[in-house]
Amino acid sequence: MRPETLAIHAGYMIDPTSGSLTPPIHLSTTFERALDNTYPSGYVYNRDNNPNRAELEARLTALEGGVTCATFASGSVAMMTLIQALKSGDHVIAPFDMYYGIRVILQEFFVDWGLSVSFVDMTDLQAVADACRPTTRLIVIETPSNPQINLTDIAQLAEIAHHHGALLVCDNTIASPIFQQPLALGADIVVHATTKYLAGHSDVLGGALIARAQLPIFDKVRRLQKIGGAVPSPFDCWLTLRGMSSLPYRMGAHHANGVAVAHYLASHPKIERVLHPFLPTHPQHDLALQQMRGYSGLFSVLVKGDAEDALGITRRVHLFKRATSFGGAHSLIEHRASIEAPGSPTPKNLLRLSVGLEHPDDLLEDLEQALAD
Ligand SMILES: *Cc1c(COP(=O)(O)O)cnc(C)c1O
């Protein structure tokens, strides 16, 4: 089946007791045993599993082309659980421009538990190969990266990882499985903040890990998920599933709107540069065409001038809202250096845009008046 169909039907079942077409939300924390002492439904306790979570995990597995999925209460705890499945003395290679919260998890917490971490420029394949050690277990990549929108060559990184006996872990939050399929390109595990495009309405946190095969590390992940319980609630799963049914169509609109806004800004005299992988001016445009079928609404611009010039634009927009995150229907604009830790490598004149689902002409008019000043 094709993604549009999988996004609606994978893991879906009409409720057998009521015939309800929309799945009921199973709030019960516990499930009854049969007279023979078995659990006929397979469900025992809500931390272990739940029908809403099972449906969400089945749908994510299908969309990413994997064999198994574990969902979590946030994207950050999904990644943290994968790190917890490692051993003291193991080594992880991660991007120097990785998602801030996950960088904190690695540096502030797991280094104290004996994990070694190297932060590397993932566009430099030789640097990644040179960073590999006999103890390297995971190479973590985020492509495109945020907020500088650098791409990582997934197929080449998979080769490097496998050559050194490590697994390739790819954060696919920004491109979504509609536009990028890391497992098909050789990655072993995909990570998602379902909070963003998958759920798609800025109203529910969630995370997921999807694996290409029944990997030993994934058995440990599953056990940590069930024993620790950093799981999404049944309602969180239900909201995420509802959002996912329109994912392919939303991504098509995010792509079209994002490209329209990026083209407009690229020719605006007050903009120095637009960082968008589907503009031919992006230094890795060829790689974008090679490994992505399209792009989301998240990209960055460098404003001519300094932080004050960039912040001025965020004060004059009306439709674009001044907020962090991305992936929802509302367009957002953010001065990233203001939210990142002091010393972050993000240029002070960088604005990140999350182009939403409004009509593109209204978005262009909004930016035109904000840039006119
Ligand atoms: C948001 C995000 C995360 C973290 O997800 P949360 O649900 O906010 O914990 C991880 N990776 C990327 C690329 C993200 O954008």
Side-chain angles (χ1 to χ4, degrees), residues 53 56 60 64 69-84 92 94-110 119 122 138-152 154 168-180 182 187 189-210 225 228 230-233 235-237 239-240 243-244 247 251 254 258 275 277 292 295-300 323-328 330 332 334 336 339-341 344 346 350 352-356:
R53 198 165 103 207
L56 177 58
L60 286 164
E64 284 291 357
C69 166
T71 51
F72 296 90
S74 72
S76 302
V77 85
M79 191 62 203
M80 186 156 97
T81 304
L82 184 60
I83 305 296
Q84 280 178 318
V92 172
F96 79 98
D97 54 345
M98 87 184 306
Y99 183 79
Y100 174 70
I102 295 173
R103 186 190 181 95
V104 169
I105 288 171
L106 286 167
Q107 265 182 323
E108 258 182 63
F109 300 101
F110 285 94
F119 294 99
M122 293 292 172
L138 304 178
I139 298 181
V140 178
I141 60 172
E142 294 177 12
T143 182
S145 74
N146 165 31
Q148 305 224 33
I149 319 292
N150 291 314
L151 306 193
T152 302
I154 300 171
L168 182 70
V169 179
C170 180
D171 189 321
N172 202 25
T173 299
I174 297 180
S176 93
I178 301 307
F179 289 144
Q180 180 169 276
I189 296 175
V190 162
V191 188
H192 274 291
T194 58
T195 313
K196 313 292 170 48
Y197 287 109
L198 284 162
H201 294 77
S202 308
D203 54 10
V204 57
L205 280 176
L209 299 172
I210 301 118
Q225 179 206 32
V231 292
S233 75
F235 185 47
D236 290 352
C237 296
L239 278 174
T240 304
M244 276 168 64
L247 176 72
M251 293 314 292
H254 284 297
L275 313 174
M292 298 168 76
Y295 190 56
S296 66
L298 189 80
F299 66 95
S300 299
T324 195
S325 197
F326 59 90
H330 300 81
L332 308 177
E334 183 176 36
R336 283 298 294 179
I339 194 170
E340 291 174 358
S344 93
T346 299
L350 181 144
R352 192 183 78 180
L353 282 77
S354 168
V355 177

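Numbering of ligands and ligand atoms starts at 1, following listing order. Just so it is clear, the values below take in all heavy atoms, side chains as well, and ignore hydrogens, waters and symmetry mates.
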inquiry  = With a 6.0 Å cut-off (strictly less than), is the heavy-atom count around CZ of Phe119, excluding the residue itself, greater than 12?
reply    = yes

Atom pair [atom1] ([X]) and [atom2] ([Y]), whose distance is rounded to the nearest 0.5 Å:
{"X": "Ile139", "Y": "Met122", "atom1": "CD1", "atom2": "CE", "value": "6.5 Å"}
{"X": "His201", "Y": "His330", "atom1": "NE2", "atom2": "NE2", "value": "10.0 Å"}
{"X": "Met98", "Y": "Ile105", "atom1": "CE", "atom2": "CD1", "value": "9.0 Å"}
{"X": "Ile339", "Y": "Thr324", "atom1": "CD1", "atom2": "OG1", "value": "3.5 Å"}

Ligand 1 N/O to protein N/O, distances under 3.5 Å:
unit_1	atom_1	unit_2	atom_2	d
ligand 1	7 (O)	Gly75	N	2.8
ligand 1	7 (O)	Thr195	OG1	2.7
ligand 1	9 (O)	Gly75	N	3.3
ligand 1	9 (O)	Ser76	N	2.9
ligand 1	9 (O)	Ser76	OG	2.7
ligand 1	11 (N)	Asp171	OD2	2.8
ligand 1	15 (O)	Lys196	NZ	2.7

* Look at the side chain of Asp236 and the backbone N and O of Gly206, then say whether any donor-acceptor pair between them is shorter than 3.5 Å. => no

